[in-house]
Amino acid sequence: MESQRKTFFASPQEAETAFYDARNRGDIEGLMAVWADEDDIMCILAGCPRASGYEAVREAWRRMFAGPHADVRISHALVTQGALQAIHSVHETLSAPGDRTPRPVLVVTNVYVRGPLGWHMVLHHASPLPAEQDGPDLPKILH
């Protein structure tokens, strides 16, 4: 596990791509390799309590992966980036094989920081998109 946690990501986009690839595969090790090793990382999955710290974040994703598998497609990306921090605001649409019930679109904020081992996630916050914002002319907002 330690070698997975030390994966080098040259850009926040590379880290984000690895995060969603691992998430779609249900790969907890690959997903956690994207997260920073710091104790103050935070993850808020839609409808779940806040998880703070590496082990609590890992446990939140373990519980998520223990449920039915859902593929995630991201859209409406808005990126704000500086030299040491990047904020990605995206919409996530989840779908599962055979699932005919539409799921709510999630508004997600992913925050990445640059350190000695490249870019890593320090925050993932997902919440349902308010109904009045669901449409083609969505405002460019960070939540």
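Side-chain atoms are counted along with the backbone in the values below, which use heavy atoms only and exclude waters and symmetry mates.
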Arg63: partners by salt bridge (Lys or Arg N to Asp or Glu O under 4.0 Å), with sequence neighbours left out: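 Arg63: salt bridge (Lys or Arg N to Asp or Glu O under 4.0 Å) contacts with Glu59.
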
Would you please name every residue forming a salt bridge (Lys or Arg N to Asp or Glu O under 4.0 Å) with Glu92, sequence neighbours left out?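 For Glu92, the residues satisfying salt bridge (Lys or Arg N to Asp or Glu O under 4.0 Å) (neighbours in sequence not counted) are Arg23.
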
For Ser95, enumerate each residue passing the side-chain hydrogen bond (donor to acceptor under 3.5 Å, both in side chains) test, keeping only those at least two apart in sequence or located in another chain.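 Once residues adjacent in sequence are excluded, Ser95 has no partner under the side-chain hydrogen bond (donor to acceptor under 3.5 Å, both in side chains) criterion.
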
Please name all residues satisfying side-chain hydrogen bond (donor to acceptor under 3.5 Å, both in side chains) with Gln13, sequence neighbours left out, ordered by chain then number.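 Testing Gln13 for side-chain hydrogen bond (donor to acceptor under 3.5 Å, both in side chains), a comparison that skips the adjacent residues, returns Thr17.
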
ring-ring contact (aromatic ring centres under 6.0 Å, His included) contacts in which one or both residues fall within residues 95-118, not counting sequence neighbours: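 As it turns out, the ring-ring contact (aromatic ring centres under 6.0 Å, His included) pairs with a partner in residues 95-118, which skip direct neighbours, are His88-Tyr112.
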
Restricting to non-hydrogen atoms, name the atom on [X] and the atom on [Y] that form the minimum distance, rounded to 0.1 Å.
X: Phe9; Y: Ala18; result: CE2-CB, 3.5 Å
X: Val108; Y: Ala126; result: CG2-CB, 3.8 Å
X: Leu45; Y: Ala60; result: CD1-O, 3.9 Å
X: Ala46; Y: Leu106; result: CB-CD2, 3.8 Å
X: Leu31; Y: Ala22; result: N-CB, 3.3 Å

side-chain contact (heavy atoms from CB on, under 4.5 Å) between Met121 and Ile41, intermediate numbers included: CA-CA 8 Å; Met121 183 179 279; Ile41 63 173; over 6 Å; no

Under 4.5 Å between any side-chain heavy atoms of Met42 and Val57, yes or no?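 Side chain of Met42 against side chain of Val57, heavy atoms only: no contact under 4.5 Å found.
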
Contacts of type side-chain contact (heavy atoms from CB on, under 4.5 Å), residue Ala10, not counting sequence neighbours: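 Ala10 satisfies side-chain contact (heavy atoms from CB on, under 4.5 Å) with Phe8, Glu14 only.
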
Going by the rule side-chain contact (heavy atoms from CB on, under 4.5 Å), which residues pair with Ala77 if we only count those two or more places apart in sequence or in a different chain?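 With sequence neighbours excluded, Ala77 shows a side-chain contact (heavy atoms from CB on, under 4.5 Å) to Val90, given in chain and number order.
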
Counting only pairs under 3.5 Å, give me each side-chain donor-acceptor contact of residues 64-73, with atom names and distances, residues two or more places apart or in other chains.
unit_1	atom_1	unit_2	atom_2	d
His69	NE2	Asn24	O	3.2
His69	NE2	Asp71	OD1	3.0

Interatomic spacing from [atom1] in [X] to [atom2] in [Y] - rounded to 0.5 Å:
X: Leu123; Y: Asn110; atom1: CG; atom2: CG; value: 7.5 Å
X: Ile74; Y: Phe19; atom1: CD1; atom2: CZ; value: 10.0 Å
X: Leu117; Y: Asp37; atom1: CG; atom2: CG; value: 7.5 Å
X: Cys43; Y: Trp61; atom1: SG; atom2: CH2; value: 5.0 Å

Which side-chain hydrogen bond (donor to acceptor under 3.5 Å, both in side chains) pairs, counting each pair once, include a residue from residues 39-50, with sequence neighbours left out?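 For residues 39-50, and leaving out neighbouring residues, there are no side-chain hydrogen bond (donor to acceptor under 3.5 Å, both in side chains) pairs at all.
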
Applying side-chain contact (heavy atoms from CB on, under 4.5 Å), run through His124 and Ile44 and close with a yes or a no. CA-CA 6 Å; His124 172 84; Ile44 305 165; over 6 Å; no

For the pair Arg62 and Glu55, find out whether any cationic side-chain nitrogen is under 4.0 Å from an anionic carboxylate oxygen.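 Salt bridge: no.
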
Got a sec, which residues hit ring-ring contact (aromatic ring centres under 6.0 Å, His included) with Tyr20, two or more places apart in sequence or on another chain?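 Scan of Tyr20 (ring-ring contact (aromatic ring centres under 6.0 Å, His included), adjacent residues dropped) gives none.
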
Is a side-chain N or O of His120 found less than 3.5 angstrom from the main chain of Thr7, in a donor-acceptor match?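 The answer is yes, because a donor-acceptor pair under 3.5 Å joins these two groups.
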
Write out all pairs satisfying salt bridge (Lys or Arg N to Asp or Glu O under 4.0 Å) with one or both partners inside residues 109-125, taking only residues at least two apart or from two chains.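 Counting only pairs at least two positions apart or across chains, no salt bridge (Lys or Arg N to Asp or Glu O under 4.0 Å) contact touches residues 109-125.
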
Give the C-alpha distance, both sets of side-chain angles, the deciding distance and a yes or no for side-chain contact (heavy atoms from CB on, under 4.5 Å) between Trp35 and Arg58. CA-CA 9 Å; Trp35 285 87; Arg58 182 183 181 83; over 6 Å; no

